[in-house]
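In what follows, every chain begins at residue 1, and chains take the letters A, B, ... in the order their sequences are listed.
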Amino acid sequence: MTQDQKQTLRQGAAAAWPICLGYFPIGLALGVLAQKAGLPWWAVAMMSVMVFAGSAQFICVAMIAAGASTPAIILTTFVVNLRHVLMSSALAVYLQGINRKFLALYAYGVTDESFAVNLTKFRAGNWGRWQALIVNHMANSVWILATICGALIGQFVPQGAFGVDYALTGMFICLLVFQLQGRIYIITGILAAGLSTLWYLLIPGDSYIVGASMSAATIGYLLKKRYRRSQ
Amino acid sequence: MTFSDYLLLFGGMGLATYLPRALPLLYLAHKKMPQWLIDWLSLIPVAILSALIAPSLLTDAATRSFAFGKLELLVAIPTLLFSLKTKSLGGTVLMGMLLYWLGGMVWG
C-alpha cells in the first residue's frame with residue numbers, strides 16, 4: 001500500500017468508528033431475535049450480506065416470526081427503504097461524473113448512518129469518494145459480523161452495557177448539529193422534527209420519514225426563495 | 001425454511017433495498033442537475049436527520065403515542081449542547097452514551 005492509500009484508509013476508519021460502535025449492539029440484538037425466530041446463523045449472515053438495511057431486517061425477522069409471506073416481506077422492505085432514494089439523490093450532488101461501476105458499488109452501502117457521516121464530510125470538503133466507500137464497507141463488515149455473533153452467542157451478552165444503545169442517537173444528534181449552517185437549515189430542521197412526530201403519531205406505517213423530510217425541505221426551499229426575492 | 005426459500009426472500013429484499021439506493025445515484029450523477037434541485041437537496045440531510053431522531057425522542061414506540069420526558073430526550077439535550085460546543089462527533093457519541101448509561105442507573 002502506498003502512503004496515500006494508507007492515509008485514505010485511516011481517514012475512512014476515523015469517520016466510520018462511531019457507526020461501527022453503534023451498529024454492534026443493534027446487530028447483536030438482530031441476531032438474537034433472528035435466532036429466536038428460527039433463522040440459522042448462515043441465513044442471518046446471508047441476509048446481512050444481501051440486504052444491508054437494519055430496520056428492514058428487523059421487520060423481516062418479525063414478519064417471518066409472524067408467518068408472513070415472502071412477497072409481503074419484500075414489499076415492506078421496499079417501502080421501508082424508499083427513504084434512501086432521497087439520500088442517494090443528495091449524495092449524487094457530490095459524486096458528479098464518477099464512473100458507474102464505482103457508483104454501483106457505493107450504492108450498496110448507503111444507509112442512514114453512512115449517508116449522514118459521508119454527506120457531512122463531503123459538505124465540509126476535503127473528503128473523497130474512496131474515504132466514503134471505506135466508511136460504507138467498514139460499517140457493512142461490522143454489521144455482518146455483529147449479526148452473526150448475535151445469532152451464535154447473542155443470548156449470553158448483557159443488554160445495554162455502557163449506554164451503547166445510545167451511540168447512534170448521539171451520532172445523529174451531532175451530525176444534525178453539523179448541518180445547521182444558517183437560519184434556513186435550522187427552520188427546516190425544526191419543521192421536520194414537528195412534522196415527523198405528528199406524522200408518526202397520526203399515520204400508521206413508516207411514511208413519516210420520507211413524508212416529513214420532503215415536506216420540510218420543500219417548505220424550507222420555498223421560504224428561502226421568497227426571502228431572496230423580497231431582498 | 002430451506003436454503004432456496006431464504007435465497008428467494010433475501011434476493012427479493014436485496015433488490016428492494018439496492019434499487020432505491022442505486023438508481024438515483026446512477027442517474028443523477030451523470031446528469032446536469034437544475035439549480036432548484038440542488039438547492040432542495042441541500043435541505044434534505046437536515047430534514048431527514050430531524051425526521052429520524054425527533055419521533056424516537058418524543059414518542060413511545062410500543063404504543064405509538066406522545067411521550068414527553070423520556071430518558072432519550074433528557075439525554076439528548078446535554079448531548080446536543082455538547083456537540084454545539086465541541087463540534088466533535090466521537091466525543092458527542094461517547095458523551096451521549098455516558099449520560100444515557102448514568103441516566104439509566106439513576107432512572108432505573
Discussion item. What verdict does the side-chain contact (heavy atoms from CB on, under 4.5 Å) test give for B:I44 and A:M87, after you've listed the backbone C-alpha separation in whole Å, the side-chain angles of each residue and the deciding distance to 0.1 Å?
Written reply: CA-CA 8 Å; B:I44 283 293; A:M87 298 185 193; 5.9 Å; no

Chain A contact via [X] - which portion, at a heavy-atom distance below 4.5 Å:
| X | value |
| --- | --- |
| B:I53 | side chain |
| B:L37 | neither |
| B:L57 | side chain |
| B:F3 | both |
| B:A67 | neither |

Atom [atom1] of [X] and atom [atom2] of [Y]: how far apart are they, to the nearest 0.5 Å?
| X | Y | atom1 | atom2 | value |
| --- | --- | --- | --- | --- |
| B:L15 | A:I74 | CG | CD1 | 8.5 Å |
| B:I48 | A:I209 | CD1 | CD1 | 7.5 Å |
| A:M47 | B:F10 | CE | CZ | 5.0 Å |
| B:L49 | A:L119 | CG | CG | 9.0 Å |
| B:L25 | A:L103 | CG | CG | 4.5 Å |
| A:L75 | B:M13 | CG | CE | 12.0 Å |

Practice prompt. Against chain B, label A:P204 side chain, backbone, both or neither, depending on which of its atoms sit under 4.5 Å from a heavy atom there.
Written response: backbone

Worksheet entry | Interface moiety of A:L21 toward chain B, non-hydrogen atoms closer than 4.5 Å | side chain

Mind ranking [options] by heavy-atom pairs under 4.5 Å with chain A and telling me who comes out on top?
| options | result |
| --- | --- |
| B:G14, B:P24, B:A76, B:A54 | B:P24 |
| B:L7, B:L43, B:L28, B:V75 | B:L43 |
| B:L84, B:L102, B:I38 | B:L84 |

Looking only at heavy atoms and a cut-off of under 4.5 Å, which of [options] has the most pairs with chain B?
| options | value |
| --- | --- |
| A:A104, A:G38, A:G220 | A:A104 |
| A:P18, A:G170, A:A167 | A:A167 |
| A:A212, A:A116, A:C60, A:A216 | A:C60 |
| A:L91, A:L175, A:L198, A:L168 | A:L175 |
| A:V210, A:V49, A:V110, A:L82 | A:V110 |
| A:M46, A:M214, A:M171 | A:M46 |

Worksheet item: Would you call A:I64 and B:L9 a side-chain contact if the rule is heavy atoms closer than 4.5 Å?
Response: yes

Discussion item. Under the rule for side-chain contact (heavy atoms from CB on, under 4.5 Å), what residues qualify as partners of A:A37, not counting sequence neighbours?
Written reply: A:L39, A:V61, A:A65

Worksheet item: At their closest point, which heavy atom of B:M97 faces which heavy atom of A:V164, and how far apart are they?
Response: CE-CA, 3.8 Å

Practice prompt. Would you name the heavy atoms of B:L52 and A:F172 that are closest together and state the gap between them?
Written response: CD1-CZ, 4.3 Å

Between chain B and chain A, donor-acceptor distances below 3.5 angstrom:
residue: B:T17; atom: OG1; partner: A:N81; partner atom: ND2; Å: 2.9
residue: B:Y18; atom: OH; partner: A:A104; partner atom: O; Å: 2.5
residue: B:R21; atom: O; partner: A:S88; partner atom: OG; Å: 2.5
residue: B:R21; atom: NE; partner: A:H84; partner atom: ND1; Å: 3.4
residue: B:R21; atom: NE; partner: A:V110; partner atom: O; Å: 2.7
residue: B:R21; atom: NH1; partner: A:F52; partner atom: O; Å: 2.9
residue: B:R21; atom: NH1; partner: A:Y108; partner atom: O; Å: 3.0
residue: B:R21; atom: NH1; partner: A:V110; partner atom: O; Å: 3.3
residue: B:R21; atom: NH2; partner: A:F52; partner atom: O; Å: 2.8
residue: B:R21; atom: NH2; partner: A:V110; partner atom: O; Å: 3.4
residue: B:L28; atom: O; partner: A:Q96; partner atom: NE2; Å: 3.1
residue: B:A29; atom: O; partner: A:G97; partner atom: N; Å: 2.6
residue: B:H30; atom: NE2; partner: A:I98; partner atom: O; Å: 2.7
residue: B:W40; atom: NE1; partner: A:T218; partner atom: OG1; Å: 3.0
residue: B:S50; atom: OG; partner: A:G189; partner atom: O; Å: 2.7
residue: B:R64; atom: NE; partner: A:Y200; partner atom: O; Å: 2.6
residue: B:R64; atom: NH1; partner: A:G205; partner atom: O; Å: 3.3
residue: B:R64; atom: NH2; partner: A:Y200; partner atom: O; Å: 3.2
residue: B:R64; atom: NH2; partner: A:I203; partner atom: O; Å: 3.2
residue: B:R64; atom: NH2; partner: A:G205; partner atom: O; Å: 2.7
residue: B:E72; atom: O; partner: A:Y166; partner atom: OH; Å: 2.7
residue: B:A76; atom: N; partner: A:Y166; partner atom: OH; Å: 3.2

